[in-house]
A.B. asks: 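Please see the structure below; I have some questions.
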Amino acid sequence: MKTILFVCTGNICRSPMAAGLLQQRLSEDPKRQDWRGVAAGPWASEGRPPSAYAVAEMAEREIDISAHRSRRVTERLMKQADLVLVMTRNHAEALRVTFPDHADKVYMLSEMVGKTYDIADPYGGTRLEYSYIAQELEQLIDEGYERIVSLTEE
């Protein structure tokens, strides 16, 4: 089973939404229904539920992330992951320094569409800000899906 790990700061907003969006996409791909999208954070507190607005945004897309609980990125998670997609340059740098043996599989999610930019953290923001970020994540995963698959299979 292939595993794609999404990483954001606290693991309660962007990464659980991205993992849910990818999981939905994978479920529609007959060749990759056994793959999984998971989420963690380099500075996450263990066991926190996703933010209410993140849950609401995903519910609008018929994706249930309410059971997600935050967790820290560990050596074990990095080893299990075939691809690691982060939200910011800082996340990428932190993971590459902390887990140098896995640095070659760390990419920014924006790189999946041929760009390099940080995805804003909606934590503490309005529902509209969460909506914007959810749309951005959805677009990056949809447009970058073939690259995600290709890098995962390498």
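Along the sequence shown, residues carry numbers from 1. Computed over heavy atoms, backbone and side chain alike; hydrogens, waters and symmetry mates excluded.
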A.B. asks: Strictly below 4.0 Å, N to O, side chains only: are E46 and R69 in salt-bridge contact?
C.D. replies: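 R69 and E46: not salt-bridged.
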A.B. asks: Looking at T98 and A94, what are the two nearest heavy atoms and their distance?
C.D. replies: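 Looks like OG1-O, 2.7 Å.
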A.B. asks: Would you say K105 and F99 make side-chain contact, with heavy atoms under 4.5 Å?
C.D. replies: no
A.B. asks: Check T88 against I119 and note the closest heavy-atom contact, atom names and distance.
C.D. replies: CG2-O, 4.1 Å
A.B. asks: For residues V149 and W35, determine if any side-chain heavy atom of one lies less than 4.5 Å from a side-chain heavy atom of the other.
C.D. replies: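 SC-SC contact between V149 and W35 confirmed.
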A.B. asks: What pair of heavy atoms forms the shortest contact from Y123 to R48, and how long is it?
C.D. replies: OH-NH2, 3.6 Å
A.B. asks: Should D64 and S66 be marked as a side chain to side chain donor-acceptor pair (under 3.5 Å) after you check the CA-CA gap, both sets of side-chain angles, and the distance that decides it?
C.D. replies: CA-CA 6 Å; D64 182 5; S66 63; 2.6 Å; yes
A.B. asks: In Å, rounded to the nearest 0.5 Å, how long is the span from CG of L109 to OG1 of T116?
C.D. replies: 11.5 Å
A.B. asks: May I ask you to decide whether E138 forms a salt bridge with R25, counting only side-chain N to carboxylate O separations under 4.0 Å?
C.D. replies: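 The answer is no: the pair does not qualify as a salt bridge.
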A.B. asks: Any donor and acceptor pair, going by atom type alone, linking the side chain of S70 with main-chain N or O of S45 inside 3.5 Å?
C.D. replies: yes
A.B. asks: First locate atom CE of M1, then atom CG of D82, and finally report the distance between them rounded to the nearest 0.5 Å.
C.D. replies: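 Output value for this atom pair is 10.5 Å.
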A.B. asks: Write out all pairs satisfying salt bridge (Lys or Arg N to Asp or Glu O under 4.0 Å) with one or both partners inside residues 33-42, taking only residues at least two apart or from two chains.
C.D. replies: none
A.B. asks: Going by the salt bridge (Lys or Arg N to Asp or Glu O under 4.0 Å) test, which pairs reach into residues 89-104, not counting sequence neighbours?
C.D. replies: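 For residues 89-104: R89-D118.
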A.B. asks: Could you list the residues that satisfy ring pair (Phe, Tyr, Trp, His ring centres under 6.0 Å) with Y53, not counting sequence neighbours?
C.D. replies: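 For Y53, the residues satisfying ring pair (Phe, Tyr, Trp, His ring centres under 6.0 Å) (neighbours in sequence not counted) are Y130.
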A.B. asks: Would you confirm whether Q33, through its side chain, and S27, through its main-chain N or O, come within 3.5 Å as a donor-acceptor pair?
C.D. replies: yes
A.B. asks: Run D121 and R14 through salt bridge (Lys or Arg N to Asp or Glu O under 4.0 Å) and show every step you take.
C.D. replies: CA-CA 7 Å; D121 189 350; R14 294 168 290 178; 3.4 Å; yes
A.B. asks: Less than 4.5 Å apart, side chain to side chain, heavy atoms only: is that true for M87 and V7?
C.D. replies: no
A.B. asks: Quick one: NZ on K79 to CG on L77, what's the gap to the nearest 0.5 Å?
C.D. replies: 12.5 Å
